[in-house]
Amino acid sequence: MIEKTYRIDIAAPVERVWQEITRTGSRCRPMFGTIQLLDLRPGGAVRHRSTNGRFTFVAGEVVEVVAPRRLVHTFVFPNLPDEPTLVTWELTPSGAGTQVTVTHARFAGKTKTWKAVDGGWPKILRLYKQVIETGDVGPGTKLQHGLMNAMSFVLPKSLRTDVIEAQIAAKPLRVPATG
Amino acid sequence: VSDDLDPVWRALASPMRRAMLDVLRRGPRTTGELAERFPDVSRFAVMQHLGVLEEAQLVVAVRDGRERWNHLNVVPIRRIYERWVSRYDDVVAADLTSLKAVAEGAGPPSRRGRRTTVRPVAVEERT
């Protein structure tokens, strides 16, 4: 079974957590300070872009929405050669708070994507907890985001939004039928 | 003094439980598969250890029919890392600060000779 599971408890109601993870069009501090675009309906686009919109770091397509409990979408790193994978968010009430479980599945093997996601999800979930419980991330995280923005001129062409959208138009981000 | 990471420290204090996490690092295992990896330990003891790991959320159990798949969840370990070791992140940030200063101010650094010194900026991360 090639899938990964990440879980964290957040001291806030399910609705509040859902509101935060499904935000669209604004800066998403937990997701490396990118702009999250999320068209919350099956077939809708998922994108994580640089603040100026010129680069796209993550792309996907919404598969299933059961507000405020469950969100399933496909997932690719556009600069990696791997086929789309599948991300499932599950929000479960737990006491006065919410248990958040992210399952990342349908890796074609121990691919580059499979390796790379361990550098993301643990940090992302910890930061969602921090943002929702305290209202903000720490100054160290913000400093890093500012610097990542300032350094965006070093990013490869393969991450450019125009290049990626042309690729997606030619080949939609669906997961292979079997997993 | 206690916080919600206490169960994580308790779970990690046992060599047997750390060995179980090492097995799960390679991928999810059913409880049966996990027990087979530790022939000297009773299945009952393995299940008790799994209970402690689950309590600490280091293991997330996913049911699939009659099977119970145990997944490693690295998020609590990440939280320990951020809580105790995050100064490392600040050093990385400081490194980039000097890069930014070079890029915006002094122009490209000379390939030979001149070195920029990196001074860590103390940045406290709110937890």
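First the proteins, then the strands, lettered A, B, ... as listed; each starts at 1. The analysis underlying the following values was restricted to heavy atoms, covering all of them including side chains, and did not include hydrogens, waters or symmetry mates.
- The choice from A:Lys4, A:Arg7, A:Lys110 that makes the most heavy-atom pairs within less than 4.5 Å of chain B is A:Arg7.
- The neighbour count for A:Arg54 CZ, taken as heavy atoms of other residues, nucleotides or ligands under 6.0 Å away, does not exceed 12.
- A:Val76 and A:Leu155 fall into different hydrophobic clusters, defined by Ile, Leu, Val, Met, Phe, Trp and Tyr side-chain heavy atoms under 4.5 Å apart, directly or through other members.
- No continuous path of ILVMFWY side-chain contacts below 4.5 Å connects A:Ile35 to A:Leu147, so the two sit in separate hydrophobic clusters.
- We find that A:Asp118 and B:Arg25 are not joined by a salt bridge, their nearest charged nitrogen and carboxylate oxygen being 4.0 Å or further apart.
- Considering only residues two or more places apart in sequence or on other chains, A:Lys157 meets the side-chain contact (heavy atoms from CB on, under 4.5 Å) condition with A:Arg160, A:Val163.
- The contact list for residues 45-60 of chain B toward chain A, using heavy atoms and a distance under 4.5 Å, reads B:Gln57, B:Val60 by residue number.
- Of the inter-residue distances, the one linking B:Arg79 atom CZ with A:Arg126 atom CZ reads 8.5 Å to the nearest 0.5 angstrom.
- Heavy-atom distances place no part of B:Ile77 under 4.5 Å from chain A, backbone and side chain included.
- A chain of hydrophobic side-chain contacts below 4.5 Å, direct or via other Ile, Leu, Val, Met, Phe, Trp or Tyr residues, connects B:Tyr81 to B:Leu72.
- The minimum heavy-atom distance linking B:Val75 with A:Tyr6 is given by the pair CG2-CB, 3.8 Å.
- Looking at A:Gln99, only its side chain comes within 4.5 Å of chain B, counting heavy atoms on both sides.
- Under a hydrophobic-cluster definition in which Ile, Leu, Val, Met, Phe, Trp and Tyr are linked whenever side-chain heavy atoms come within less than 4.5 Å, directly or via other members, B:Leu5 and A:Ile10 are assigned to the same cluster.
- Looking at A:Ile8, the atoms closer than 4.5 Å to chain B (heavy atoms on both sides) sit in the backbone and in the side chain alike.
- Closest heavy-atom contact between B:Pro28 and A:Glu3: CG-O, 3.9 Å.
- A:Ile164 and A:Phe32 fall into different hydrophobic clusters, defined by Ile, Leu, Val, Met, Phe, Trp and Tyr side-chain heavy atoms under 4.5 Å apart, directly or through other members.
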